[in-house]
Amino acid sequence: MIDVRRLRNDLEGVRAALARKGVDGSVVDRAAAVDAEARQVVDQRDDLRARKNLLSKQIGEAFRARDTATAESLRAESKDLEGQEADLETGAAALQAELREILLALPNPPSPDAPDGASEADNVLVRTEHFDPARYGAHQRVPHWDIGTELGILDMERGAKISGSMFALFRGAGATLQRALCQMAIDNNVDAYEEMRPPSLVRTETVITSGQLPKFADEQYHLERDDLWAIATAEDPLTSVARDEVLEEANLPMRLMAYTPCFRREAGAAGRDTRGLLRVHEFDKVELMAYATPEQAPALLDEILQRAIGSVVALGLPYRVLDICTGDLGQKHHRQFDVETYAPGCDMWLEVSSVTWFTDYQARRGNIRYRPSEGRGTELVHTLNGSALAVPRMWAAVVETYRQPDGSIALPEVLHPYFRGATTISGR
RNA sequence: GGAGCGGUGGCAGAGUGGCCGAAUGCGCCGGUCUUGAAAACCGGAGAUCGAAAGAUCCGGGGGUUCAAAUCCCUCCCGCUCCGCCA
């Protein structure tokens with residue numbers, strides 16, 4: 001959610017910033033108009049309340065002075081104001097609700113540093129590392145869904161029998177691999193990030209804070225009977241850890257990490273990248289998240305990006321970094337870098353982490369503040385996050401990259417400790 | 001799921017209709033004293049909106065009343081007992 005004061009002080013600036021994300025200026029104008037109207041009505045309402053408060057006080061004094069006649073006449077006067085107050089009250093509430101609704105749907109203005117662009121085709125390639133297409137042999141050009149079947153470590157068919165298409169069933173060493181990847185990512189980041197294990201089913205308020213609701217309800221699994229939402233990412237619960245709280249600046253940045261399942265309906269993605277593990281409804285992920293002051297935020301964006309890259313590098317895989325353009329930035333994103341790794345079997349670059357700076361967009365929704373060590377009052381925090389490791393695509397890249405000519409998989413060394421001494425995955 | 005009790009400032013905890021944005025204690029900040037610290041003493045400090053006047057905030061929402069932390073309804077959360085269960 002953006003600051004209404006920004007609308008009041010710099011309407012043109014907000015329109016221009018949001019235009020870069022393709023937002024129609026009339027929506028911004030509408031928000032400003034509703035805000036102006038609401039403020040006017042609130043003003044009137046407050047004046048009336050002030051009059052009533054004064055009368056009440058005088059009534060109390062009159063009663064105490066046993067001046068019943070005065071008290072009664074003041075009481076009648078106060079009662080006369082009631083209808084007026086109720087009208088102003090409902091008017092103000094309606095306008096404020098309307099304003100909030102518009103503001104909740106309004107995207108976060110992009111960073112001036114984010115590249116302009118209309119779609120993902122305009123994302124800027126920052127760099128590519130450790131990538132040499134000539135290095136891959138024919139034995140590595142087998143997609144992971146075939147390898148998975150061949151070795152009996154991934155069973156998409158039975159996954160579909162159990163839960164429907166786009167649900168994975170990992171088996172044996174495949175299941176171990178998915179767990180090992182998460183364990184490794186946690187171990188690699190626990191030096192600075194507090195490990196959390198939050199709930200996977202969360203309240204509506206929690207999903208509004210992170211920004212998925214109200215606009216992206218179609219993407220979320222919802223348990224109607226209990227009115228709980230299945231998290232799409234650990235970002236949902238982690239962002240609400242400090243909801244409605246005031247943090248001390250001395251405790252910032254506050255770094256959190258969680259390994260959770262992630263549930264995505266993928267409502268708009270039917271038929272796209274649906275083979276194997278490229279896009280599934282449920283997957284595991286280790287997420288890094290930080291609460292920071294506005295001054296600390298840029299450095300943290302870089303830190304989380306480096307840590308995301310760290311997971312790929314640790315596994316000996318190539319990577320590339322994309323600077324996401326304004327047209328591809330999500331509603332809540334201010335600045336975003338994607339980390340992709342190369343999967344030789346599918347011959348695709350797979351997004352394995354999305355590192356994002358939300359500025360105070362989520363903090364304003366969730367009322368997450370901090371108390372500056374200098375000065376008075378409270379300020380909204382900035383939130384940032386990024387995946388340390390998203391399992392399915394990393395699983396795919398590892399399996400395809402490390403496939404040997406004999407069809408087995410030679411596990412990268414970092415994973416050996418998690419495999420009870422095994423160094424390869426062979427057929428059963 | 002059933003029965004009962006509760007939710008007040010950073011924490012503990014008073015307050016049962018007006019003089020309550022809220023006693024008191026602890027903690028915190030500043031000062032006096034001290035070589036320094038502690039103790040003692042003095043003083044200070046909540047949040048949101050608003051240019052201000054002022055308005056709002058005692059778990060959330062609604063109601064009664066001229067007036068609600070206080071009375072009523074409802075939801076959420078916590079605790080105790082019972083039931084059930086990994």
Side-chain angles (χ1 to χ4, degrees), chain A residues 1-10 31-32 34-104 197-209 213 223-229 237 240-252 254 261 360 363-381:
Chain A
M1 196 153 65
I2 75 163
D3 190 348
V4 260
R5 274 168 290 200
R6 243 178 108 179
L7 282 180
R8 294 171 197 160
N9 300 336
D10 184 22
V34 173
D35 173 51
E37 204 185 338
R39 288 181 68 190
Q40 202 188 335
V41 177
V42 164
D43 245 32
Q44 293 172 17
R45 183 200 63 186
D46 284 358
D47 283 349
L48 198 64
R49 277 182 180 173
R51 279 173 66 193
K52 283 198 71 184
N53 286 346
L54 185 64
L55 282 172
S56 287
K57 206 172 166 185
Q58 290 169 343
I59 292 166
E61 282 162 6
F63 270 127
R64 252 170 283 126
R66 299 179 199 269
D67 184 354
T68 319
T70 306
E72 287 301 337
S73 95
L74 289 171
R75 199 153 77 143
E77 193 180 331
S78 178
K79 207 163 168 75
D80 279 347
L81 299 176
E82 223 151 67
Q84 249 189 83
E85 194 200 2
D87 287 350
L88 289 170
E89 185 83 60
T90 49
L95 286 166
Q96 285 174 328
E98 186 183 351
L99 178 61
R100 183 174 164 82
E101 204 173 302
I102 298 172
L103 289 178
L104 278 177
R197 204 312 182 180
S200 312
L201 298 177
V202 300
R203 296 170 174 284
T204 300
E205 197 50 45
T206 297
V207 197
I208 287 178
T209 296
L213 290 186
L223 282 73
E224 202 151 332
R225 184 175 165 136
D226 298 290
D227 195 20
L228 288 169
W229 302 81
S240 276
V241 164
R243 171 150 48 85
D244 289 319
E245 292 190 26
V246 181
L247 308 171
E248 293 301 328
E249 182 176 356
N251 295 332
L252 297 176
M254 189 167 140
D360 58 13
R364 186 167 289 105
R365 289 168 166 252
N367 192 27
I368 311 167
R369 295 168 295 163
Y370 72 97
R371 201 181 306 282
S373 22
E374 302 293 325
R376 304 182 42 77
T378 55
E379 303 285 340
L380 291 167
V381 302

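Please read these numbers as outputs of a predicted model, since none were measured by experiment. In what follows, every chain begins at residue 1, and chains take the letters A, B, ... in the order their sequences are listed.
By the side-chain hydrogen bond (donor to acceptor under 3.5 Å, both in side chains) test, A:Glu72 pairs with A:Arg75, sequence neighbours left out. Residues passing the side-chain contact (heavy atoms from CB on, under 4.5 Å) test with A:Glu37 are A:Leu95, sequence neighbours excluded. Contacts of A:Arg364 classified as side-chain hydrogen bond (donor to acceptor under 3.5 Å, both in side chains), with partners at least two apart in sequence or in another chain: A:Asp360. Taking the side-chain hydrogen bond (donor to acceptor under 3.5 Å, both in side chains) definition, one finds that A:Asp227 meets it with A:His222, sequence neighbours left out. Applying the side-chain contact (heavy atoms from CB on, under 4.5 Å) criterion to A:Glu82, with sequence neighbours excluded, gives A:Lys52, A:Lys79. Applying the side-chain contact (heavy atoms from CB on, under 4.5 Å) criterion to A:Pro261, with sequence neighbours excluded, gives A:Arg197, A:Ser200, A:Phe263, A:Glu282, A:Asp284. In this view, A:Ser240 and A:Thr206, A:Thr209, A:Arg243 satisfy the side-chain contact (heavy atoms from CB on, under 4.5 Å) rule, not counting sequence neighbours. Checked against side-chain hydrogen bond (donor to acceptor under 3.5 Å, both in side chains), A:Arg8 has the following partners two or more places apart in sequence or in another chain: A:Asp35.
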For nucleotides 57-63 of chain B, tabulate all protein N/O to nucleotide N/O atom pairs closer than 3.5 Å, reporting atom names and distance.
none

Identify the pairs formed between an N or O of the protein and an N or O of nucleotides 48-51 of chain B at a distance under 3.5 Å, and give each distance.
from: B:U48; atom 1: OP1; to: A:Thr378; atom 2: OG1; distance (Å): 2.4
from: B:C49; atom 1: OP1; to: A:Arg5; atom 2: NH2; distance (Å): 3.0
from: B:G50; atom 1: OP1; to: A:Arg8; atom 2: NH1; distance (Å): 2.4
from: B:G50; atom 1: OP2; to: A:Arg5; atom 2: NH1; distance (Å): 3.4

Between protein and nucleotides 83-86 of chain B, what N or O pairs are separated by less than 3.5 Å?
none

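What separates CZ of A:Arg371 from C1' of B:G27 is a distance of 14 Å, to the nearest Å. A:Ile368 has its CD1 atom 19 Å from the P atom of B:A47, to the nearest Å. The separation between A:Leu54 atom CG and B:A53 atom P is 16 Å, rounded to whole Å. Across the protein-nucleic acid pair, A:Glu248 atom CD and B:C29 atom P stand 11 Å apart, rounded to whole Å. Distance, A:Asp47 CG to B:A52 C1': 12 Å, rounded to whole Å. Atom-to-atom, CG of A:Leu88 to C1' of B:U56 comes out at 16 Å; the value is rounded to the nearest Å.
Within the shown strands, B:U80 is the pairing partner of B:A3 under the Watson-Crick or G-U definition, both distances less than 3.5 Å. With a cut-off of 3.5 Å on both Watson-Crick or G-U wobble distances, the partner of B:C11 is given as B:G25. Under the Watson-Crick or G-U wobble criterion, with both distances below 3.5 Å, B:U65 has no partner in any strand shown. Nucleotide B:U34 forms a pair with no other nucleotide shown, judged by Watson-Crick or G-U wobble geometry with both contacts under 3.5 Å. When both pairing distances are held under 3.5 Å, B:A47 makes a Watson-Crick or G-U pair with B:U56.
Between A:Glu379 and A:Arg371 there is no salt bridge, since no side-chain N of the basic residue sits under 4.0 Å from a carboxylate O of the acidic one. A:Glu245 and A:Arg369 are not joined by a salt bridge, as no carboxylate oxygen comes within less than 4.0 angstrom of a charged side-chain nitrogen.
OP1 and OP2 of B:U56 both lie 4.0 Å or more from every side-chain N or O belonging to A:Arg45.
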Original post:
Would A:Glu77 and A:Leu55 count as a side-chain contact (heavy atoms from CB on, under 4.5 Å) if you check the C-alpha gap in whole Å, the side-chain angles of each, and the deciding distance to 0.1 Å?
Top reply: CA-CA 8 Å; A:Glu77 193 180 331; A:Leu55 282 172; 4.0 Å; yes
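Distance OG1/A:Thr204 to CH2/A:Trp229: 6.0 Å, rounded to 0.5 Å. Here the CG-CG distance, from A:Leu7 to A:Asn9, works out to 9.0 Å after rounding to the nearest 0.5 Å.
The same atom, P, is picked in B:C84 and in B:C75; the two are 26 Å apart, to the nearest Å. Separating the C1' atom of B:A23 from that of B:U16 is a span of 16 Å, rounded to the nearest Å. Between the P atoms of B:C29 and B:C79, the separation comes to 33 Å (whole Å). Distance noted for atom P between B:U48 and B:U32: 32 Å (whole Å). Annotation: B:G9 and B:A47 have their C1' atoms spaced 10 Å apart (nearest Å). Atom P of B:C72 sits at a distance of 15 Å from the matching atom of B:G4, rounded to the whole Å. For B:A38 and B:C28, the P atoms lie 10 Å apart once the distance is rounded to whole Å. Only the C1' atoms considered, B:U34 is 11 Å distant from B:A39, to the nearest whole Å.
Across the interface with RNA chain B, nearest-nucleotide mapping of A:Arg64 and A:Asn53 shows A:Arg64 to be the residue nearer the 5′ end.
The environment of CD in A:Glu205 is crowded: more than 12 heavy-atom neighbours from other residues, nucleotides or ligands sit within 6.0 Å.
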**OP:** Heavy atoms under 4.0 Å is the rule here; annotate nucleotides 64-75 of chain B 5' to 3' with B where the base is hit, S where only the sugar-phosphate is, and - elsewhere.
**Re:** --BS--------
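There is no side-chain donor-acceptor pair under 3.5 Å between A:Asn53 and A:Arg51.
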